[in-house]
2 protein chains.
Amino acid sequence: MASLQKNYQCSFELTMDLIGGKWKLIILWHLLDGAKRFNELDKLMPAITQKMLTTQLRDLEEKGLVHREVYPEIPPKVEYSLTERGRSLDPILHDICKWSTDYANANDITIGCNKEH
Amino acid sequence: MASLQKNYQCSFELTMDLIGGKWKLIILWHLLDGAKRFNELDKLMPAITQKMLTTQLRDLEEKGLVHREVYPEIPPKVEYSLTERGRSLDPILHDICKWSTDYANANDITIGCNKEH
DNA sequence: CTGCATCCGGTACGATACTG
DNA sequence: CAGTATCGTACCGGATGCAG
């Protein structure tokens, strides 16, 4: 795993580097279910492009939150799963999900798909 | 408060709109201590520019997470504090802080200032 | 002291097409 | 199936200066 040797002034800076951006939380959330193939993730997130999915997954892999398992088959098969450290985000992800759902309810914001775990 | 009428497909999308970006978590974290003046926040975050501080505070205010109190004095005095909903992020912020600190320790990443609460 | 105005560059993000 | 390759854009975030 590549080490991130930037000078972080604050742990939240590091946090945003790790799980910031538009898609990372959603990907991690889906992977809480268990390992998923590239195409499965793609279908679970209709709005994401393949390019972004690739980028974000590689990012998460580099940071040690996601494991990438390549099966040398034809047709190709690649499975993504959470590492132990990735899985340690579980309670935080649930809390965030609950918090934002509360916020949405309190402000008449509708959310299309709110998959429960 | 302005209502956010976008079509959110996922609560994490909403979350990133609310507390995404480079500075919002840090600002909220500092405000957990209690109300702070503009200049205090500025000093607490040496790296932020005044423009960004203004922008982010207005953003958080618009979303109902931060309250802005203007005292009509000369010289001007403006205090920022957390709303009740902003304060409801408290446990999440602490969890995130702990999680990223763990991550940093496990990966030999040094963090300059890790203010504890 | 607390901002706002202006300008500007990098990059995060996206659309589309193509490939082993 | 699981990705690249290209190209394009929007806007976040930064630098600097000015104002009430």
Side-chain angles (χ1 to χ4, degrees), chain A residues 4 6-10 12-28 30-31 35-63 66-81, chain B residues 4 6-10 12-28 30-31 35-63 66-81:
Chain A
L4 310 159
K6 281 174 52 175
N7 274 355
Y8 292 102
Q9 277 308 305
C10 172
F12 293 112
E13 253 183 88
L14 171 61
T15 302
M16 292 313 294
D17 259 17
L18 294 174
I19 57 175
K22 191 173 176 178
W23 300 107
K24 297 217 174 67
L25 287 180
I26 310 180
I27 294 175
L28 293 169
H30 284 304
L31 288 180
K36 290 211 164 25
R37 303 181 58 169
F38 185 87
N39 228 20
E40 296 183 79
L41 287 171
D42 202 19
K43 281 175 200 152
L44 286 169
M45 298 181 281
I48 201 175
T49 62
Q50 290 187 323
K51 176 192 171 181
M52 286 314 297
L53 184 53
T54 303
T55 308
Q56 303 300 304
L57 282 169
R58 287 281 148 65
D59 234 31
L60 291 168
E61 186 193 5
E62 186 186 353
K63 275 131 184 179
V66 159
H67 173 69
R68 180 165 178 265
E69 184 77 31
V70 183
Y71 298 86
E73 308 174 355
I74 305 289
K77 172 178 173 182
V78 181
E79 265 190 359
Y80 294 92
S81 57
Chain B
L4 309 160
K6 281 175 52 175
N7 273 356
Y8 292 102
Q9 278 308 305
C10 173
F12 293 111
E13 255 182 88
L14 171 62
T15 302
M16 292 314 294
D17 260 16
L18 294 175
I19 56 175
K22 192 172 176 179
W23 300 107
K24 297 215 173 69
L25 288 179
I26 309 180
I27 293 176
L28 293 169
H30 285 304
L31 288 181
K36 290 209 165 22
R37 301 183 58 171
F38 186 86
N39 227 19
E40 296 184 80
L41 287 171
D42 201 20
K43 281 175 200 153
L44 286 169
M45 299 180 281
I48 200 175
T49 61
Q50 290 186 327
K51 174 195 170 180
M52 287 314 296
L53 185 52
T54 304
T55 309
Q56 303 300 305
L57 283 169
R58 285 281 147 63
D59 233 31
L60 291 169
E61 185 194 5
E62 184 186 354
K63 275 133 184 176
V66 160
H67 174 68
R68 180 165 178 265
E69 184 77 32
V70 183
Y71 298 88
E73 308 173 356
I74 304 289
K77 170 179 173 182
V78 182
E79 264 189 1
Y80 296 91
S81 57

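Quick note on labels: first sequence line is chain A, next is B, and so on, each numbered from 1. All values below were derived from every heavy atom in this structure, side-chain atoms included, with hydrogens, water molecules and symmetry-related copies excluded.
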Taking all heavy atoms of Phe38(B) and all of Gln50(B), pick out the closest pair and write down the distance. CZ-O, 4.0 Å

In terms of the nearest nucleotide of DNA chain D, which residue is placed more toward the 5' end: Lys22(B) or Leu57(A)?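 Residue closer to the 5' terminus by nearest nucleotide: Leu57(A).
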
[X] (side chain) donor-acceptor with [Y] (main chain) under 3.5 angstrom:
X: Lys22(A); Y: Ile48(A); result: no
X: Glu40(A); Y: Lys36(A); result: no
X: Glu61(B); Y: Leu57(B); result: no

Categorize Tyr71(B) for me: base, sugar-phosphate, or nothing, with a 4.0 angstrom heavy-atom threshold over every strand shown.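 If one applies the 4.0 Å heavy-atom cut-off, Tyr71(B) turns out to touch nothing in the nucleic acid.
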
With the side chain defined as heavy atoms from C-beta on, Asn39(A) is closest, among dC1(C), dA2(D), dG3(C), to dA2(D)

Would you indicate which nucleotide in dA2(D), dA15(C), dC1(C) comes nearest to any side-chain atom of Phe38(A)? dA2(D)

In whole angstrom, give the distance that lies between atom [atom1] of [X] and atom [atom2] of [N].
X: Glu13(A); N: dG13(D); atom1: CD; atom2: C1'; answer: 13 Å
X: Gln56(A); N: dG3(D); atom1: CD; atom2: P; answer: 14 Å
X: Met52(B); N: dG10(C); atom1: CE; atom2: C1'; answer: 14 Å
X: Ile48(B); N: dT2(C); atom1: CD1; atom2: P; answer: 14 Å
X: Asp17(A); N: dC12(D); atom1: CG; atom2: C1'; answer: 15 Å
X: Met16(A); N: dA12(C); atom1: CE; atom2: C1'; answer: 12 Å
X: Gln50(A); N: dT6(D); atom1: CD; atom2: P; answer: 17 Å
X: Trp23(A); N: dC13(C); atom1: CH2; atom2: P; answer: 9 Å

If you assign each of Thr55(B) and Lys43(B) to its closest nucleotide in DNA chain C, which residue comes earlier from the 5' end?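 Its nucleotide being nearer the 5' end, the pick is Lys43(B).
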
Please check the phosphate of [N] (OP1 and OP2 only) for any side-chain N or O of [X] closer than 4.0 Å.
X: Arg68(A); N: dA2(D); answer: no
X: Arg37(B); N: dC1(C); answer: no
X: Tyr80(A); N: dC1(D); answer: no
X: Arg58(A); N: dT4(D); answer: yes

Atom CZ of Arg37(B) and atom OH of Tyr71(B): how far apart are they, to the nearest 0.5 Å?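 If I round to the nearest 0.5 Å, the distance is 9.5 Å.
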
Taking donor-acceptor contacts at under 3.5 Å, does the side chain of Lys51(B) reach the base of dG3(C)?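 In this structure, the two groups form no donor-acceptor pair.
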
